[in-house]
Amino acid sequence: QVQLVESGGGLVQAGGSLRLSCAASRRYNMGWFRQAPGKERDFVAGINWSGTTTDYGDSVKSRFTISRDNAKNTVYLQMNSLKPEDTAVYYCAASGSMSISTVEYHYWGQGTLVTVSS
């Protein structure tokens with residue numbers, strides 16, 4: 001089975017930083033998604049199984065960085081220059097293929113809340 005557990009969410013002021021962590025399986029491509037109240041779940045960032053390829057949603061490019069440490073079975077999302085619009089529940093997910101679509105991810109964590117105050 002694949003179990004994913006996110007951590008690192010919290011409340012931060014605009015312009016601040018947070019780093020999210022996700023306990024993950026080394027052999028999977030991983031993605032971060034987020035969902036604000038009343039909104040769809042959107043792609044944030046993705047990384048392939050080896051960590052050599054990354055992808056980002058347009059709204060977070062140049063601000064967020066996805067990485068992974070396969071020795072620790074952990075995927076990270078470093079979030080800098082946070083904006084109130086980044087407020088959402090953030091989910092990590094695992095897929096057998098690189099994708100920006102939620103339907104390609106069959107394993108999901110429980111989510112961690114990130115709140116950015118203005």
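All of these numbers come straight from a predicted model, not from anything done at the bench.
- Remark: Ala36 pairs with Lys39, Ala88 by the side chain to side chain contact (heavy atoms under 4.5 Å, CB included) rule, at least two apart or across chains.
- Nearest heavy atom pair, residue Val2 against residue Ala94, reads CG1-CB, 4.4 Å.
- Taking OG from Ser95 and NE2 from His106, the interatomic distance works out to 6.5 Å, rounded to the nearest 0.5 Å.
- Checked against side chain to side chain contact (heavy atoms under 4.5 Å, CB included), Lys61 has the following partners two or more places apart in sequence or in another chain: Tyr56, Asp58.
- For the atom pair CG (Leu77) and OG1 (Thr65), the distance works out to 8.0 Å, reported to the nearest 0.5 Å.
- Sequence neighbours left out, not one pair with a member in residues 66-78 passes salt bridge (Lys or Arg N to Asp or Glu O under 4.0 Å).
- Hydrophobic cluster membership of Met98, counting Ile, Leu, Val, Met, Phe, Trp and Tyr whose side-chain heavy atoms lie under 4.5 Å apart directly or via other members: none, as it forms a cluster of its own.
- The other members of the hydrophobic cluster of Tyr105, by chain and number, are Phe33, Phe43, Val89, Tyr91, Ile100, Trp108, Leu113 (side-chain heavy atoms under 4.5 Å, ILVMFWY only).
- With sequence neighbours excluded, the residues forming a side-chain hydrogen bond (donor to acceptor under 3.5 Å, both in side chains) with Gln35 are Arg41, listed by chain and number.
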Report, one line per pair, each donor and acceptor closer than 3.5 Å where one atom sits in a side chain of residues 3-18; sequence neighbours left out.
| residue | atom | partner | partner atom | Å |
| --- | --- | --- | --- | --- |
| Glu6 | OE1 | Gln110 | N | 3.0 |
| Glu6 | OE1 | Gln110 | NE2 | 3.3 |
| Glu6 | OE1 | Gly111 | N | 2.9 |
| Glu6 | OE2 | Cys92 | N | 2.8 |
| Glu6 | OE2 | Gly111 | N | 3.2 |
| Ser17 | OG | Asn80 | OD1 | 2.9 |

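- For Ser118, the side chain to side chain contact (heavy atoms under 4.5 Å, CB included) test picks out Pro84, with sequence neighbours left out.
- In the hydrophobic clustering, where aliphatic and aromatic side chains (Ile, Leu, Val, Met, Phe, Trp, Tyr) are joined below 4.5 Å either directly or transitively, Tyr76 stands alone.
- In this structure Asp86 satisfies the side chain to side chain contact (heavy atoms under 4.5 Å, CB included) test together with Arg34, Arg63, Phe64, Leu82, Lys83, Tyr90, Val116, sequence neighbours excluded.
- Every residue two or more places apart in sequence or in another chain that forms a side-chain hydrogen bond (donor to acceptor under 3.5 Å, both in side chains) with Thr52 is listed here: Asn48, Ser50.
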